[in-house]
Amino acid sequence: MSIENTEIETDKDLRFGLNRRKYVYARERFIHGILLMCALVSVFTTIGIIVVLMLQAIEFFKVVSIIDFLTDTQWTPLFADKHFGILPLLSGTLLTSVIALLVSVPIGLVIAIYLSEYAAVPVRKSVKPFLEILAGIPTIVYGYFALITVTPLLQTIFPTISGFNALSPGIVMGIMILPLVTSLSEDALRSVPKSLREGGYALGASKLQVSLSIVFPSAFSGIIASVILAFSRAIGETMIVAIAAGQSTVLNANPLNPVSTMTAYIVQVSQGDTPYGTLAYNTIFAVAITLFLFTFFLNIISFRIRKRFLAVGGD
Amino acid sequence: MFKVETKNLNLHYGTTHALKGVTMGIKENNVVAMIGPSGCGKSTYLRLFNRMNDLIDNVKIEGEVLFNGKDIYNGNIRVEEIRKKIGMVFQKPNPFPKSIFENVAYGLRVNGVNNKKFIEESVERSLKNAALWDEVKDDLKKSALSISGGQQQRLCIARALAVEPSVILMDEPSSALDPISNAKIEELIYELKKKYTIIIVTHNMQQAARVSDRTAFFYLGELIEYNDTKEIFTNPKNERTQNYITGRFG
């Protein structure tokens, strides 16, 4: 086709298509605008939540110093002798969450390695939906499961355990986050290229050696990311601990005793008869912002680890 | 006696008949090149010798694969032992995400070697034999992923040498590399044939002509012609071989 011909066609196109083009252009702009608005909804929601939390928390910190908040070992805002130390709630949260990780990480990784490296396709296809059912159970059900089934069971092993304790909801939370650990870790393991496995087998390595010394380290960043995500999920979990962990705000590291987590405390206050706007009420915003910062930093750590291992991959 | 050989070997992937009655023997310290168009079964044939095809579902193998006269598909033989004695280098360099040192030491470690001094000596010897030692001797702790593609491929060769195989299988070892790295790999093959038996799959006719003693031409799962490399390239007996090496098809 000569250049002349091309010009003629362009002309034609302009003559017959100008209005249509304008219309297409306007439509594209319109769709683009709608999509942008949808994206902005999530951004503004996040910003809105942070602003509300901050404003209310500032009210709280006008009365209570941050130092007291972080170092006082008592949390008694609802009593006559008021103390505002976050540590008991923080320890309760960490205690239940760490128990949940101790349950879910070993089991989850073993399942993930089994599913990704060992299981035949039909087994994988039938086991995975069952795991996903675990993720779909409402947390209130888990809560009652902890209170009514797991705690009595634990009482036969540890006679000294309280009716409300950190261990039982911790274990149940571990079961709840198991699908998260398993599914994300399995994805990470499966994304390790087949050529690396073949390289290992070609040197006379067994399946177990290939799985543990090649595939697992290669997928490490993804696995860590899944563990941190699960941790952050456990820290934010509310219903299970609100039902089964108790409401004791005494600083305590014994999993057999009742504890209160940050989330359970927020439930307790916002459901109770604490009047709105009082100092006692504002404590929940201070707790909430602590919770928010916690999960926020966990996400940043997870992001950093992932980036570092992707970039280097050395030892 | 042949170092490795197959007798009337048939291989099926599901319903595909990938290798059809291949009988072929390879002598010790020979380099044998396998050529043929893509999908002709030459890689599949190569992977018979270290039982890499075991990793694929629905593979059915009939016939014999012999190593030093013994059938390696015999149930009494541990597949890990076979793979230790018959090493493999893959098409794309596939170093493990570990240090250079650990990559070479890996084969020893998984085979139960713990002696630190022995491992260090073996790593150095293997890297020297793979003509990589001078380039990496100060960076043994660095990640294997940080060196160039050509160096990675020589690292993979060093890794295979460390477990002291007697046969090395190479599946298009330089097809992903630049011409200079390619030349280095070919020089290396020339050196290695003094000690090892090498079977190399290649799409590069010049490479086959340069490095090999004998050449096998595969077509649609059949071994069409197998002869001294010189004969194959100057005086092919079969018309299809001639068409392939002169570039008329494939």
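This structure is a prediction, so every number in the text was calculated from the model and none was measured. To find a chain, count down the sequence lines: A is the first, B the second, and so on, and within it residues start at 1.
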Quiz item: Hey, mind stepping through B:E80 and A:S206 against side-chain contact (heavy atoms from CB on, under 4.5 Å) and telling me if it holds?
Solution: CA-CA 7 Å; B:E80 287 84 10; A:S206 67; 3.9 Å; yes
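More than 12 heavy atoms of other shown residues, nucleotides or ligands fall within 6.0 angstrom of atom OH in A:Y142. Atom NZ of A:K128 is surrounded by more than 12 heavy atoms from other residues, nucleotides or ligands within 6.0 Å. The number of heavy atoms from other shown groups lying within 6.0 Å of CZ (A:F296) does not exceed 12.
Only the backbone of B:P95 comes within less than 4.5 Å of a heavy atom of chain A; no side-chain atom from C-beta onward does.
Nearest heavy-atom pair across B:K98 and A:P217 is NZ-CG, 4.4 Å. Shortest non-hydrogen contact noted between B:F90 and A:G199 is CE1-CA, 3.8 Å.
Heavy-atom neighbours of chain A within the stretch residues 44-58 of chain B, taken at a separation under 4.5 angstrom, comprise B:R47, B:N50, B:M52, B:L55. Within residues 106-119 of chain B, the residues approaching chain A closer than 4.5 Å by heavy atoms are, in numerical order, B:Y106, B:G107, B:V110, B:N111.
For B:K84 (side chain) and A:A205 (main-chain N/O), no donor-acceptor pair under 3.5 Å exists by modelled atom type.
Side-chain contact check for A:L203 versus B:R159: some heavy-atom pair is nearer than 4.5 Å.
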